[in-house]
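First up is the structure itself, then whatever we jot down about it.
Naming: A, B, ... by sequence-line order, numbering from 1 per chain. These numbers come from a predicted model, not from an experiment.
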Amino acid sequence: MNNKELANLIFPDITKTIEDYEKIYPARNLNEGAVVSRFAPSPTGFVHMGSLLSALIASKVPKETNGIFYLRIEDTDGKRSVENGIQGIIDDLKNFEINIDEGVVSETKQIGNYGPYIQSERKEIYQTFVKYLIANDLAYPCFCTEEETNEIRTIQEAAKERIGYYGHWAKCRNLSNEERSNRIKNGDKYIIRLKSPGNFNNKVVIEDLVRGRIEFPENDLDIVLIKSDGLPLYHLAHLVDDHLMRTTHILRGEEWVSSLPVHLQLFKIFNFKTPKYAHLGVIMKIDDDQTRRKLSKRKDPEAAVSYYHEKGIPVEAVKIYLMTIANSNFEAWYNANPNKTIDDFTFSFKKMSESGSLFDVDKLMNISKNYISKLKAIEVYERTIKWAKFYDQQLEQLLIKYQDYSIKIFNIEREQKKPRKDFGAFCEIKSGIWYMYDELFINVDYQFQTISDINEINKINQLYLSKYYNELDDKETWFSKMRLVAFELGYAKEMSDYKENPDKYKGHIGDVSMVIRVSLTSLSATPDLYEIMKLLGKERINQRLNIIKVK
RNA sequence: GGCCAGUUGGUGAAGUGGCUUAACACACUGCCCUUUCACGGCAGCAUUCAUGGGUCCGAAUCCCAUACUGGUCACCA
């Protein structure tokens, strides 16, 4: 029996050839230098921060070069797939405004001419390639059970030999085709392995876009191509899909670096042009015991991109943060060009860090604070509502009920050169403005400071209310009256006066205005008091200053 | 254990043989400004680039060794 007959025995239903697929998926008609890249996750749950980073870059580079960015689903391992996994990925990408040109757009819909873009739907294509390999003595069926391969491994470990299915360890490699066909006809279970033409003593060199030149021994492992369920393993799927989908750039995590010799070998065997590779450092997390590890889906909530949606951290802020990790020159560029967006920035693989960086929540929050501080009040209002719709219905209703009032609240100390930076996330907004709403200003806990005697507090409040408060006052008048209250009750009306003669006064203007502030808001730290009082209005001010009296 | 890579302050990093007594940003500390907070301003925060050796007039930058960290060695991706 020759190899071709063996191939037909194993894949009797495969009638197309590789050439057929080359015609079905012709070279893309793109400009020179156009990058075709992809995001190719497994539907294992949610999108990870590290995946988002690579998706962001993989989508950005085609955008810069008039190329194509597509989404492919790698679901060849049924055990890992999760219900609604595909939809989760699509939603996460949508949330982060990462748009695809081709690929899977919903559980049931795919767009583009190079599909299907879900690997489990491409079984025949993979098998066509493997059939070719078998027919050309470059692959063979392997009947070893998992127990047997484990056993080989144990022996190799004990003997301190290189681990893997290669050389004389590859028991099924040199079986005769007759024996192979007999065992297949006999119903023995098998997988398909590559008959690796490599030699471990030879070297292969690859130019990685971020890591530069890397040298490896050639692959001589007879890696598994097709599993017993007929579906391919990653290595084969990578070759077939990225060739047929005409991918020019492979962006993936650094955990793939060591598979490079396999992938290079596969491309060489088929005489396909190898794509360019960029292996990205993984995002790390430091534990309390100072050990570094990969940011983990299970242990770290911030690893899931849905976390940012929940917290209400603007997607732009997350993307800006990821770009500062991705390209070290981005941050300086962004600070120098505050009105530009990520789209205006030219990404460079060379500027990528090779080692994984630690995930820095402080930095992210700083970026987010700055970002939100630059938004217009109406934008803050709308985006807070959008967030609250999912996560805080009470806040949502208040914002809708008091629309103009709320927008004015968001505008306090905003329209100025250096706006306030109170909010790092939309989930923090309620805790910053709640006291402006009567519905929330109940059973409050007053944080009085230096003046905490209730009689003195009332004296200040009542004097202010009865003699000085006028809602029409401008800020200057308002504050000069505040000084008069202080003076009349024996407090220094200027801070400097108090500092010169502290014994002459009961306290200073700051102590007095603090009483008003706390009486009105219950808090000792608020934005500008004058602005707050303007919005609170006469009625509410009267009411709130008088509640204290009752207490 | 084999193979591959990485190692510059608390963090992200700039730096590719002299311009570096190591930029910038975050965090932190102190002071100032100030009716609180925030903003802002000023100052501090690596005499040293994992360690040891070498090349050189000169090294964070080049070479070697060691250490440590990470990745990988599945019918997972």
B:G9: syn or anti, with syn meaning chi within 90° of zero?
-> syn

May I have the distance from A:Met284 (atom CE) to B:U11 (atom C1'), rounded to whole angstrom?
-> 14 Å

What does B:C62 pair with, Watson-Crick or G-U, if both distances are under 3.5 Å?
-> B:G54

Name the closest nucleotide to the A:Ser513 side chain, picking from B:U35, B:A5, B:G1.
-> B:U35

B:U20 to B:G15 separation - C1' atoms, rounded to the nearest Å = 9 Å

With both distances under 3.5 angstrom, what nucleotide forms a Watson-Crick or G-U wobble pair with B:A23?
-> none

How many Å lie between CD on A:Glu255 and P on B:C3, as a whole number?
-> 22 Å

Have a look at A:Lys203 and say if it touches a base, only the backbone sugar-phosphate, or nothing, with a 4.0 Å heavy-atom cut-off.
-> nothing

Will you find, in the side chains of A:Asn370 and A:Asn366, an N or O donor that is under 3.5 Å from an N or O acceptor?
-> yes

Is A:Arg72 paired with A:Asp242 through a side-chain N to carboxylate O contact shorter than 4.0 Å?
-> yes

Inter-nucleotide C1' distance (B:G10, B:U51), Å rounded = 22 Å

When all nucleic acid strands are considered with a 4.0 Å heavy-atom cut-off, which category describes A:Phe216: base, sugar-phosphate, or nothing?
-> sugar-phosphate

Between B:G53 and B:G71, how far apart are the C1' atoms? Round to whole Å, please.
-> 29 Å

Using atom C1' of each nucleotide, how far apart are B:A50 and B:G9 to the nearest Å?
-> 14 Å

Can you tell me the pairing partner of B:G1 across any strand shown, Watson-Crick or G-U wobble, with both distances under 3.5 angstrom?
-> B:C73

Whole-Å distance separating the CD atom of A:Glu415 from the C1' atom of B:C39 = 16 Å

Have a look at A:Ser357 and say if it touches a base, only the backbone sugar-phosphate, or nothing, with a 4.0 Å heavy-atom cut-off.
-> sugar-phosphate

Can A:Glu331 and A:Lys363 be counted as an ion pair, charged N to O under 4.0 angstrom?
-> yes

To the nearest Å, how far apart are A:Lys79 NZ and B:A77 P?
-> 8 Å

With a 4.0 Å cut-off on heavy atoms, is A:Met482 in touch with a base, just the backbone sugar-phosphate, or nothing at all?
-> nothing

Looking at every strand, decide which applies to A:Trp333 at a 4.0 Å heavy-atom threshold: base, sugar-phosphate, or nothing.
-> nothing

Span that lies between the C1' atom of B:C64 and that of B:A59, in whole angstrom = 15 Å

Would you say the side chain of A:Arg162 and the base of B:C3 hold a donor-acceptor pair, judged only by whether the two atoms sit under 3.5 Å apart?
-> no

Are any of the side-chain nitrogens in A:Asp188 or A:Arg183 under 4.0 Å away from the carboxylate oxygens of its partner?
-> yes

Rounded off to whole Å, could you give me the CG-to-C1' distance for the A:Asp208 and B:G6 pair?
-> 13 Å

Between A:Asp497 and A:Arg483, is the closest basic N to carboxylate O distance under 4.0 Å?
-> no

How is A:Glu215 classified with respect to the nucleic acid when contacts are heavy atoms under 4.0 Å: base, sugar-phosphate, or nothing?
-> sugar-phosphate

For RNA chain B, whose closest nucleotide is more 5', that of A:Ile214 or that of A:Pro419?
-> A:Ile214

Do A:Arg80 side-chain and B:C76 base share a donor-acceptor contact under 3.5 Å?
-> yes

Look at the side chain of A:Ile163 and decide which nucleotide, out of B:A25, B:G1, B:G71, has an atom nearest to it.
-> B:G1

Please test A:Trp256 against A:Tyr234 for ring-ring contact (aromatic ring centres under 6.0 Å, His included), starting from the C-alpha separation and ending with a verdict.
-> CA-CA 11 Å; A:Trp256 291 110; A:Tyr234 177 87; 3.8 Å; yes

Which is true for A:Ser259 with a 4.0 Å heavy-atom rule: it touches a base, it touches only sugar-phosphate, or it touches nothing?
-> nothing

For A:Leu358, answer base if it contacts any base atom (sugar-phosphate contacts may also be present), sugar-phosphate if it contacts only those atoms, and nothing otherwise; contact means non-hydrogen atoms under 4.0 Å.
-> sugar-phosphate

Among the nucleotides B:C3, B:C39, B:C76, whichever has the atom closest to the side chain of A:Lys418 is B:C39

Calculate the interatomic distance between A:Arg517 atom CZ and B:U34 atom C1'; express it in whole Å.
-> 11 Å

When all nucleic acid strands are considered with a 4.0 Å heavy-atom cut-off, which category describes A:Glu254: base, sugar-phosphate, or nothing?
-> sugar-phosphate

Using a cut-off of 4.0 Å on non-hydrogen atoms, how would the nucleic acid contact of A:Asp528 be classed: base, sugar-phosphate, or nothing?
-> base

Closer to the 5' end of RNA chain B via nearest nucleotide, is it A:Gly164 or A:Asn335?
-> A:Asn335

Please state how far atom NZ in A:Lys374 lies from atom C1' in B:C39, giving the value in whole angstrom units.
-> 14 Å

Who pairs with B:A43 - Watson-Crick or G-U, where each distance is under 3.5 Å = B:U29

B:U7 and B:A13, which share atom name P, separated by this distance in whole Å = 10 Å

For A:Leu364 and B:C26, what is the distance between atoms CG and C1' respectively, to the nearest whole Å?
-> 11 Å

Distance below 4.0 Å between A:Arg211 side-chain N/O and B:G6 OP1 or OP2 | no

NA contact type, A:Leu233, heavy-atom cut-off 4.0 Å: base, sugar-phosphate, or nothing?
-> sugar-phosphate

Are A:Lys408 and A:Glu531 ion-paired here, with the side-chain N under 4.0 Å from a carboxylate O?
-> no

Below 4.0 angstrom, N of the basic side chain to O of the carboxylate: do A:Lys475 and A:Asp528 qualify?
-> yes

Among B:C75, B:C26, B:G40, which is the nearest nucleotide to the side chain of A:Asp362?
-> B:C26

When the C1' atoms of B:U8 and B:C68 are considered, how many whole Å apart are they?
-> 16 Å

Closest to the A:Asn366 side chain: B:A77, B:A74, B:C26?
-> B:C26

Base, sugar-phosphate, or nothing for A:Ser328, non-hydrogen atoms under 4.0 angstrom?
-> sugar-phosphate

Counting any heavy atom closer than 4.0 Å, what does A:Phe479 reach on the DNA or RNA strands: base, sugar-phosphate only, or nothing?
-> base

Spacing of the P atoms in B:U16 and B:A38 (rounded, Å) = 39 Å

Indicate whether any N or O donor in one side chain lies under 3.5 Å from an N or O acceptor in the other, for A:Asp241 and A:Tyr126.
-> yes

Please confirm whether any donor atom in the side chain of A:Ser228 sits under 3.5 Å from an acceptor in the base of B:C75, or the reverse.
-> yes

